[in-house]
Engineer: 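Here it is, the structure, as structure tokens.
Treat the numbers as computed from the prediction; the structure is a model and nothing was measured. Order of appearance sets the numbers: ligands from 1, and atoms from 1 within every ligand.
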Amino acid sequence: MDTNHTVNTFLEYFRERGHQPVTDGSLVPSPGDPVLFTTSGMHPLTPYLEGRTHPLGRRLVNVQRCLRTTDLDEVGDDTHLTVFEMLGSWSLGDYPGPQSLRWGHQLLCDGFGISPDRLHVTVFGGDGQVGPDTESLTTWEGLAVPVELTGEENWWSNGPTGPCGPDSEIFVWTGHTPPEGTPSTDPRWMEVWNHVMMRYRRHDDRSLEPLRQSSVDTGMGLERLLMVLQDKPSVFECDVFEPWMRTIPDLWDLDQPSLRVTCDHLRSSVVVIGDGVRPSNTGRGYVLRRLIRRVLTTLWRNDSSRTLSDLPIHLLEHTLERFKQRSDVEGVREILLNEEDRFSTLLQRGRRVVSRRRSRGPLSDEEYDYLYDTHGLPRDLVVTLLSESS
Ligand code: ATP
Ligand code: MG
């Protein structure tokens, strides 16, 4: 099952059950939204989960690209990417949670052909304020799926106040031996799909008010699903990464973690640029700058002559196409190359300045400010250069 077939199977399954497709959204949230990047499919739908009427109705489905800066340190493991795609379905005050779970189970097992005995789920087991999510528990028991009850790990909220509720996560066994343990005891259980029962609103005083209309919000990582369907050991071996993982090793000799980070960050940078972000020293542009600089630092660690101008254009095209972005591919390439030039110049200047100051011991805040204001050297870069030379 390739990516397009997988996405279409998902969309079609929910369309047949009355869900209207919402157009794919940009990584950049709408103006006025303080969040840097869209982190889940539900993010653009927040007002509707809070009760506003959605023009497309009460059952929705979509594929949303997401970027999580909070996952940057995990990128390079088998399951975390910086930019990934989320398959989502919603009941806005329409059908209840158990229906969503039953459809989820049917789609995974009958639609995608995952063997039911490779599934395990987690369910909210209750805390001091709210009892266990017995509805979800009995639904899963009825489907004969093993359940692990947990505490706050299965309580979803988007901040200290606002809509929230218990969630139920579906895990797939990725081991090569028969399934054992539970999601919290064996990491070979990989989370693929989260179903959130949006039942409450939390107030400033931490009290919970039941929502007039409870909703269901689900999100499944496309690349993790592909990893299962294509029987691959990590998200990096599934088809969306194939051109990257095939081409980059011929270009640069990298160890496995560096190869994964390089492919992930370059691909993510292309998507972020495709959504209109440009490198800068603040906000979204700074996230992009950090992604590109991390790639360059990785590449130059062993060979400072490596350059992004060797990157074949088909990789950029493949990614822009996957995300249906209409950016001019040469323009995207130019942005990457300009950023490389800029970083290279900055590094040369930085090394000179830092080597002159190193002998005077640790730098004070004033000195960091001076290096930034006068030489344009950001603090994190100076810290790297100091550790390089120590
Ligand atoms: P994990 O604990 O594995 O990081 P999560 O609890 O952060 O997952 P959710 O916020 O529930 O995940 O997101 C819904 C789904 O999106 C997950 O079940 C997973 O399939 C996918 N997902 C989340 N983060 C990533 C990521 N960084 N890369 C790829 N897929 C992801
Ligand atoms: Mg996470």
Engineer: Examine Asn194 against ligand 1 and note whether any of their N/O atoms are separated by less than 3.5 Å.
Structural biologist: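 Asn194 vs ligand 1: N/O contact under 3.5 Å present.
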Engineer: Kindly state whether the ring of Phe241 and the ring of His318 have centres lying under 6.0 angstrom apart.
Structural biologist: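 Judged by ring-centre distance (under 6.0 Å), Phe241 and His318 do not meet the cut-off.
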Engineer: Is Ile170 near ligand 1, meaning one of its heavy atoms is under 4.0 Å from it?
Structural biologist: no
Engineer: Under 4.0 Å, counting heavy atoms only: does Arg68 come that close to any atom of ligand 1?
Structural biologist: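 Checking ligand 1 against Arg68, which is what was asked, there is a heavy-atom contact under 4.0 Å.
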Engineer: With heavy atoms under 4.0 Å as the rule, classify the contact between Arg224 and ligand 1 as side chain, backbone, both or neither.
Structural biologist: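 Side chain only.
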Engineer: Checking Arg322 now: which residues fulfil salt bridge (charged side-chain N to carboxylate O under 4.0 Å, His left out) with it, not counting sequence neighbours?
Structural biologist: Glu85
Engineer: So, regarding Gly221 and ligand 1 (criterion: nitrogen or oxygen to nitrogen or oxygen, under 3.5 Å), is there a contact or not?
Structural biologist: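 By distance alone, the answer is yes.
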Engineer: Classify the contact between Thr79 and ligand 1 as side chain, backbone, both or neither, using a heavy-atom distance cut-off of under 4.0 Å.
Structural biologist: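 Thr79 to ligand 1: backbone contact only, side chain stays beyond 4.0 Å.
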Engineer: Are any of the side-chain nitrogens in Arg224 or Glu191 under 4.0 Å away from the carboxylate oxygens of its partner?
Structural biologist: no
Engineer: Just checking, is any N or O donor in the side chain of Glu148 or His120 under 3.5 Å from an acceptor N or O on the other one?
Structural biologist: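 Result is no, nothing qualifies.
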Engineer: Taking 4.0 angstrom as the limit, do Lys232 and Asp239 come out as a salt bridge?
Structural biologist: no
Engineer: Suppose the criterion is ring-ring contact (aromatic ring centres under 6.0 Å, His included): which pairs have a residue in residues 243-282, not counting sequence neighbours?
Structural biologist: none
Engineer: Below 4.0 Å, non-hydrogen atoms only: which portion of Glu74 touches ligand 1? Side chain, backbone, both or neither.
Structural biologist: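 Neither; no heavy atom under 4.0 Å.
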Engineer: Decide, yes or no, whether a salt bridge links Arg260 with Asp77 under the criterion of side-chain N to carboxylate O below 4.0 Å.
Structural biologist: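 Salt bridge between Arg260 and Asp77, a charged N being under 4.0 Å from a carboxylate O: no.
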Engineer: Side chain, backbone, both or neither: which part of Val192 comes within less than 4.0 Å of ligand 1 when only heavy atoms are counted?
Structural biologist: backbone
Engineer: Return the option from Phe84, Phe171, Trp193 holding the heavy atom at the smallest distance from atom 31 (C) of ligand 1.
Structural biologist: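 Ranked by closest heavy atom to atom 31 (C) of ligand 1, first place is Phe84.
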Engineer: Which atoms from ligand 1 have a heavy atom of Asp71 less than 4.0 Å away?
Structural biologist: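 Near Asp71, meaning under 4.0 Å from one of its heavy atoms, ligand 1 has 24 (N), 25 (C), 26 (C), 27 (N).
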